[in-house]
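As structure tokens, the structure follows; a few thoughts come after it.
Chain A is the first sequence line, chain B the second, and so forth, proteins listed ahead of strands; every chain is numbered from 1. Here the structure is a predicted model, which is why all the values come from computation and not from measurement.
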There are 2 protein chains.
Amino acid sequence: MQNSECRILYTCVIQNDMFTKACENAIRAVLLITIKGREDKKLSIQQIAKAIDSPLPFTAKILQTLSREGLVASAKGPNGGFYIDTKAKPITLSQVVRAMDEESVLTTCALGLKQCSDKQPCPIHHQVKAYKNQLSKVLHKKTVQDLAKDLTDGKTFLRSHRKVKK
Amino acid sequence: MQNSECRILYTCVIQNDMFTKACENAIRAVLLITIKGREDKKLSIQQIAKAIDSPLPFTAKILQTLSREGLVASAKGPNGGFYIDTKAKPITLSQVVRAMDEESVLTTCALGLKQCSDKQPCPIHHQVKAYKNQLSKVLHKKTVQDLAKDLTDGKTFLRSHRKVKK
DNA sequence: TTAATAAAGGATAAAATTATCCTTTATTAA
DNA sequence: TTAATAAAGGATAATTTTATCCTTTATTAA
């Protein structure tokens, strides 16, 4: 078979991550604002998009939502931008996820059944329960503020590092 | 505000499940074929789509993939259909998931970083790790055949029950 | 050996998600 | 009080995922 062509496989599905892109970017944005933004040092959409390596207009939409939901504070006009009220309660990851995608990772059946419960379980309901609980704990207990320290200390990262140009 | 309109919120994102729809349906299809299909009792696409409550042509595509990947056997022509070779090795959930969506739930960063590892972790890398490990165990250890018994016994279900008409 | 059956495969359509653009509104500072 | 700045909001475009349709190929049974 000398002439084997490189065919495009269009049948299968490639992506299914834990959160939506919107949600991923939201978590990263909130984290950035937590460690870098203050009322006297607000962050613009541009700064945020760049720092978390997220498309600018998409980032704008996400920030709009986060601001509307009251998770981050915003100010219009010159010197405006986003920040987090230091007097406000710590923000749980769950709050961010709920603001963006209704936490459906936790709330819907893994096999897509409309009804799926302990009483009428899908075939993997019980197996999935343990890890949903685990994720649930992480989302409900961990706050953005909890995660901020490692980030400040350079132990965790909000964007992938670029290879250094020679 | 008497005339408050019901606006459509188009900003936010609604869905993000553990697996893609294709993958959900694939798992359910394989389970059905396991408990109901034999070489002398093959199941047609129609029967499968109905039993797992999945759109017929979409189901056809999924079965095509599963068949191409060798997870289920198929036969064309009259009395054709899908079945599972009883002499074949048990099928892990992982195999099904990989056939459909590359198991990206396990393999990609929860916050969408291109590079994310123990050495260069995203802010929730460590928190998510336990969860991923747990899911990984379920997917790699549990086989379709393991799950079949409860299904046969009527303890678990492949589709939501309809409300009974009066 | 032919008609009927059923999966395989290719192309396309619909829906959902992600991303972009542009106008409006609010705020600041000159 | 006006120009400049920056977020808010609305509409739309691009991409991905889901779903559908139709033709081809293989198999069976008459």
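The nearest whole Å value for the distance from the CD atom in E24(B) to the C1' atom in dT17(D) is 13 Å. Rounded to an integer number of Å, the gap from F58(A) CZ to dT18(C) C1' is 5 Å. Distance CD (Q64(B)) to P (dT24(D)): 16 Å, rounded to an integer number of Å. Rounded to an integer number of Å, the gap from CG of L63(A) to C1' of dA8(D) is 11 Å. Nucleotide dT18(D) holds its P atom 18 Å from the CG atom of L56(B), rounded to whole Å. Distance I62(B) CD1 to dA19(D) P: 8 Å, rounded to the nearest Å. Note: CD (E69(B)) to C1' (dG9(C)) measures 15 Å, nearest angstrom. Distance CZ (F82(B)) to C1' (dT5(C)): 13 Å, rounded to an integer number of Å.
The CD1 atom of I27(A) sits 11.5 Å away from atom CD1 of I91(A), with the distance rounded to the nearest 0.5 Å.
Looking at every heavy atom in both residues, F19(B) comes nearest to E24(B) through O-OE2, 3.7 Å.
In terms of position along DNA chain C, the nucleotide closest to P57(A) lies nearer the 5' end than the nucleotide closest to the other residue of the pair K76(A) and P57(A). Where P55(B) and S67(A) meet DNA chain D, the nucleotide closest to each residue was compared, and S67(A) sits on the side nearer the 5' end.
Using a 4.0 Å heavy-atom criterion, one finds that A75(B) contacts the sugar-phosphate atoms exclusively.
Annotation: proximity of residues 35-49 of chain A to DNA chain D (heavy atom, distance under 4.0 Å) is found for L43(A), S44(A), I45(A), numbered in ascending order.
With 3.5 Å as the limit, one finds a donor-acceptor pair spanning the side chains of S94(B) and E103(B). Defined by atom type and a distance below 3.5 Å, a donor-acceptor pair is missing between the side-chain atoms of S136(A) and N133(A). Between T92(A) and T143(A), the side chains place no donor N or O within less than 3.5 Å of an acceptor N or O (distance only, hydrogens not considered).
Nearest to the side-chain atoms of P78(A) among the listed nucleotides dT27(C), dT18(D), dA19(C) stands dT27(C). Closest to the side chain of K61(B), from the set dA19(C), dA6(C), dG9(C), is dG9(C). Out of dA8(C), dG9(C), dT28(D), the shortest distance to the side chain of N79(B) is found at dT28(D).
Pairing partner, dT24(D): dA7(C), with both Watson-Crick or wobble hydrogen-bond distances short of 3.5 Å.
Distances shorter than 4.0 Å separate none of the side-chain N or O atoms of R68(A) from OP1 or OP2 on dA7(D).
The residues D146(B) and K141(B) are annotated as not salt-bridged, no charged nitrogen and carboxylate oxygen being separated by less than 4.0 angstrom.
Atom NZ of K42(B) has more than 12 heavy atoms from other residues, nucleotides or ligands within 6.0 Å.
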